[in-house]
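Right, one structure below, let's go through it.
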Amino acid sequence: MSLELLIENCKAQNTKAQGELYKLFSSKLFAVSLKYSRNRAEAEDNLQDAFLTIFNKIEQYKNKGSFEGWLKRITVNTVLQRYRTEKVFELVNESAIEDVEIEIDEDLVSIDYLLGIIQELPDRYRLVFNLYVLDGYSHKEIAEMLNINVGTSKSNLARARMILKSTIEDYHNTEHLHSL
């Protein structure tokens with residue numbers, strides 16, 4: 001069955017087509033959900049909520065643009081919706097923000113380790129880091145998505161980078177000591 005036909009069947013509330021759509025995209029969307037969630041269990045809940053929203057709003061998809069991109073946007077927004085109601089962001093003075101660069105020795109730090117430490121960041125830092133660094137959103141877009149100001153977005157990114165840099169440096173130092 002073509003994707004277009006599958007979408008049309010989902011619009012007609014066909015549960016078999018919805019199951020097929022779930023099978024087709026659930027692993028990709030779970031990865032998106034996991035990136036923004038605190039842990040696997042929360043990511044699974046968020047994925048289920050995202051699919052409920054997808055099936056409820058699939059009528060709104062007008063076959064323009066990437067369907068997968070549309071699904072990812074709904075998944076990200078579903079996860080972010082949980083954080084909008086929580087007070088996870090703090091207002092900051094923009095002049096106190098410094099840009100932090102992270103240097104990663106790919107021979108010493110695996111992608112799994114890196115994803116793991118990103119996952120451990122506090123919510124406000126993880127969300128902004130992922131949106132900005134991994135998904136390419138601007139601070140203005142992030143501020144709108146999270147209902148925060150641009151300075152808060154910049155500050156949270158800088159703090160996320162500082163935490164990651166410190167964690168990676170500690171990891172390098174520990175690895176270096178073990179190799180002596």
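Quantities reported herein were computed from a predicted structural model and do not represent experimental measurements. We number each residue from 1, following the sequence as shown.
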Can you check whether Met162's main-chain N or O pairs, donor with acceptor, with Ser166's side chain at less than 3.5 Å?
-> no

Heavy-atom distance under 4.5 Å between the side chains of Asn63 and Glu8, does that happen here?
-> yes

Polar side-chain atom of Asn130 near backbone of Lys35 as donor-acceptor pair, under 3.5 Å | yes

Backbone N/O of Phe30 and side chain of Glu44: donor-acceptor pair under 3.5 Å | no

Nearest heavy-atom approach of Ala17 to Leu6 is O-CD1, 3.4 Å

Check the pair Leu21 / Ile58 against side-chain contact (heavy atoms from CB on, under 4.5 Å), numbers first and verdict last.
-> CA-CA 11 Å; Leu21 190 76; Ile58 199 158; 4.2 Å; yes

Can you name the closest pair of heavy atoms from Arg126 and Tyr36 and give their distance?
-> NH2-O, 3.0 Å

For the pair Glu141 (side chain) and Tyr137 (backbone), establish whether a donor and an acceptor sit closer than 3.5 Å, ignoring hydrogens and angles.
-> no

Ile54 side chain near Leu29 side chain, heavy-atom distance below 4.5 Å | yes

Does atom CG of Asn147 have more than 12 heavy-atom neighbours from other groups under 6.0 Å away?
-> no

Less than 4.5 Å apart, any side-chain heavy atom of Leu24 and any of Leu3?
-> yes

Side-chain heavy-atom pair Tyr171, Leu114 within 4.5 angstrom cut-off | no

Would you give the length of the straight line joining atom CD1 of Ile118 to atom CG of Leu134, rounded to the nearest 0.5 angstrom?
-> 5.5 Å

Minimum-distance pair of heavy atoms, taken over all atoms of Pro122 and Ile163 | CD-CD1, 4.3 Å

Do Ser155 side-chain atoms and Gly151 backbone N/O form a donor-acceptor pair below 3.5 Å?
-> no

Considering non-hydrogen atoms only, spot the tightest contact between Ser66 and Gly69 and give its length.
-> OG-N, 2.8 Å

Lys72 vs Glu68 side-chain heavy atoms within contact, under 4.5 Å = yes

Test item: Phe25 and Leu47 side chains (from C-beta on) under 4.5 Å apart, heavy atoms = no

Main-chain N/O of Leu34 paired to Arg40 side chain as donor or acceptor, under 3.5 Å | no

Sorted by chain and residue number, the ring pair (Phe, Tyr, Trp, His ring centres under 6.0 Å) partners of Tyr61 (sequence neighbours excluded) come out as Phe67, Trp70

Hydrophobic cluster identity match, Leu71 and Leu52, side-chain contacts under 4.5 Å | no

Phe129 to Ala160 - nearest heavy-atom pair and separation | CB-CB, 4.0 Å

Is any side-chain heavy atom of Leu131 closer than 4.5 Å to a side-chain heavy atom of Val76?
-> yes

Kindly write out the residues that satisfy salt bridge (charged side-chain N to carboxylate O under 4.0 Å, His left out) with Lys16, not counting sequence neighbours, or none if the list is empty.
-> none

